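What follows is a set of notes on a single structure, which appears directly below.
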Amino acid sequence: MDAAVLSLVPATVPARVASSAQDAITPPLRNSFRLERSWRDTVPFDGVVASRWRMPAPCDTAFERAGWGEGYTLAVHLSSTRMLFQHEREIVWSGFVAPGTMLVTQPGERATVRFHAPCDVLHVFLPMRQVRRLISGARGADAPQPIALGGSGLMRDAAIERLALLLADVQDGAVAFHRDYACAIREAIVARLLALQDDAGEARDTRAEVRRASLPDWRLRRALAYVDTHLAEPIGLRDLAASAGVTRMHFAAQFRLAMGLAPHEYLMRCRIERAKSLLLNADRAILDIALACGFRTHAHFGAVFKRMVGASPTGWRAQRLERGEAIS
DNA sequence: ACGGTCGATCGCGTTCATAT
DNA sequence: ATATGAACGCGATCGACCGT
């Protein structure tokens with residue numbers, strides 16, 4: 001959805017008015033996604049499933065929003081960042097955030113954030129009535145409601161992350177029937193969150209909740225800086241551990257505690273992030289991009305890319321170029 | 001020439017015991 | 001509490017091959 005269309009619907013108009021106004025201006029199928037002009041400025045009136053907040057450079061501003069009263073807000077970080085995040089003035093997270101990390105803001109809960117690094121966040125709006133309906137369907141009509149979704153801290157889940165990436169693709173309207181598509185993905189996300197909650201009750205360890213950092217921040221900072229600087233070169237666990245000043249075994253364990261994912265997995269995500277931006281240059285060969293992102297063969301690059309993105313590098317590039325996202 | 005797939009090899013991540 | 005090191009299973013990696 002382009003900025004001109006977005007500007008026609010102020011974020012502050014009442015829900016019902018906004019819905020009908022937007023329907024009158026644009027075809028109904030273009031309503032499910034918004035780009036945020038300020039952090040979480042979207043009023044998720046009927047039809048808006050998700051919105052996205054991108055900040056290319058860090059700024060010193062703290063953003064504060066009262067939570068959406070009619071539902072939950074799921075924030076999925078599409079890129080790595082560094083932030084201080086609070087719910088009702090209580091610190092939820094302070095420090096580095098890996099791509100794929102997520103957190104849920106409960107209905108009406110006040111959220112405050114200060115980003116210390118560029119960020120790219122997808123906000124998915126989960127209406128309370130939808131959550132209620134799914135709970136009643138799965139646990140019976142007399143199941144206790146309402147519930148707190150997603151716990152109180154940062155968490156990771158591969159399935160939700162993949163669903164969120166699919167939802168991000170709806171942004172430009174490239175997916176046919178994309179409003180139904182977006183609603184179906186949202187429903188799947190809610191179901192998955194509820195399933196995770198059930199799992200957490202039976203076996204707490206199965207839930208991938210990100211815990212507070214136990215690797216000291218200065219060590220983590222040095223390791224992440226090393227990744228950023230040497231991304232195009234071979235980086236081993238030993239290199240990262242050495243940059244942080246600990247042994248590789250200790251580093252692997254502590255890094256996982258701090259970031260919620262293994263060092264190698266983090267490295268691959270960073271490489272694929274960079275590869276995606278390079279792929280938008282249609283003239284650049286796949287092998288060239290693979291080498292520029294630290295892969296030593298196109299075979300390895302293709303395999304990792306397909307595993308993480310769900311498409312081959314050329315397939316993904318073709319999709320993006322079709323949508324006019326090429327850069328020169 | 002470029003890009004995708006497959007199989008063998010190797011290194012990573014995890015666990016556990018131990019030291020400081 | 002924090003850090004190190006050994007052992008081991010398995011997934012990541014890379015070279016070879018094939019298709020376009």
Side-chain angles (χ1 to χ4, degrees), chain A residues 80 94-96 98-101 154-159 161-162 199 203-322 325-327:
Chain A
S80 58
S94 174
F96 291 97
T101 307
L154 264 64
M155 55 185 286
R156 303 188 61 80
D157 179 67
E161 186 189 353
R162 181 59 67 90
D199 287 350
R204 185 142 287 279
D205 285 348
T206 61
R207 186 147 153 257
E209 188 162 335
V210 176
R211 284 160 284 185
R212 299 292 303 168
S214 37
L215 192 68
D217 201 53
W218 67 273
R219 289 194 196 274
L220 189 61
R221 197 182 295 254
R222 281 172 58 170
L224 298 186
Y226 186 91
V227 169
D228 194 50
T229 311
H230 298 85
L231 201 62
E233 305 158 25
I235 301 176
L237 186 60
R238 279 178 189 81
D239 303 318
L240 290 176
S243 73
V246 293
T247 60
R248 75 176 186 100
M249 281 71 75
H250 186 59
F251 178 77
Q254 298 298 296
F255 187 94
R256 196 181 182 84
L257 282 175
M259 298 290 282
L261 75 176
H264 182 257
E265 179 71 9
Y266 175 82
L267 176 63
M268 288 301 116
R269 282 166 183 270
C270 290
R271 285 186 164 150
I272 294 302
E273 259 188 76
R274 184 170 290 184
K276 279 180 170 178
S277 66
L278 295 179
L279 279 167
L280 293 179
N281 183 341
D283 297 332
R284 219 155 159 185
I286 298 296
L287 177 61
D288 183 31
I289 292 171
L291 296 175
C293 296
F295 295 97
R296 272 182 272 189
T297 63
H298 78 279
H300 182 215
F301 171 56
V304 174
F305 195 92
K306 190 157 193 175
R307 176 170 59 83
M308 289 192 169
V309 181
S312 68
T314 40
W316 185 87
R317 169 146 76 182
Q319 271 184 2
R320 297 289 150 161
L321 297 184
E322 253 176 49
E325 292 184 35
I327 56 169

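In this text, all values refer to a predicted model and were calculated from it rather than measured experimentally. Within every chain, numbering begins at 1; the chains are lettered A, B, ... in the order of the sequence lines, protein sequences first and strands thereafter.
In this pair, A:Tyr226 and A:His230 present their aromatic rings parallel. The plane angle is below 30°, not in the 30 to 60° band. Between A:Phe295 and A:His300, the ring planes are perpendicular. Angles over 60° get that label, and only those under 30° would be called parallel.
Between the P atom of C:dA12 and the CZ atom of A:Phe301 lies a distance of 16 Å, rounded to the nearest Å. Between A:Gln254 atom CD and C:dT2 atom P there is a gap of 8 Å when expressed in whole angstrom units. Atom-to-atom, CZ of A:Phe251 to C1' of C:dG5 comes out at 18 Å; the value is rounded to the nearest Å. Rounded to a whole Å, the CH2 atom of A:Trp316 is 17 Å from the C1' atom of B:dG3. Rounded to whole Å, atom C1' of C:dA12 lies 11 Å from atom CD of A:Glu265. Atoms CG (A:Leu287) and C1' (C:dC14) sit 13 Å apart, rounded to a whole Å. When rounded to the nearest whole Å, the span between CZ of A:Phe305 and P of B:dT5 equals 14 Å. For the pair A:Met268 CE and C:dC14 P, the computed distance is 9 Å after rounding to whole Å.
Donor-acceptor pairing under 3.5 Å, judged by distance alone, is present between the side chain of A:His298 and the base of B:dG4.
Counting all heavy atoms, side chain and backbone alike, A:Ala252 lies closest to A:Leu237 at CB-CD2, 4.3 Å.
Ranking B:dG13, C:dT13, B:dG4 by closeness to the A:Ser312 side chain, first place goes to B:dG4. The side chain of A:Leu237 approaches B:dC12 more closely than any other nucleotide in the set B:dT5, B:dG3, B:dC12. For A:Ala252, the side-chain atoms get nearest to B:dG13 when compared with the rest of B:dT5, B:dG4, B:dG13.
A salt bridge links A:Glu265 to A:Arg269: at least one charged side-chain nitrogen sits closer than 4.0 Å to a carboxylate oxygen.
Put simply, CG on A:Leu278 and CZ on A:Arg317 are 9.5 Å apart, with the number rounded to the nearest 0.5 Å.
Contact between the side-chain N/O atoms of A:Thr314 and the OP1/OP2 oxygens of B:dG4 is found at a separation under 4.0 Å. In this structure, A:His300 reaches the C:dC14 phosphate: one of its side-chain N or O atoms is under 4.0 Å from OP1 or OP2.
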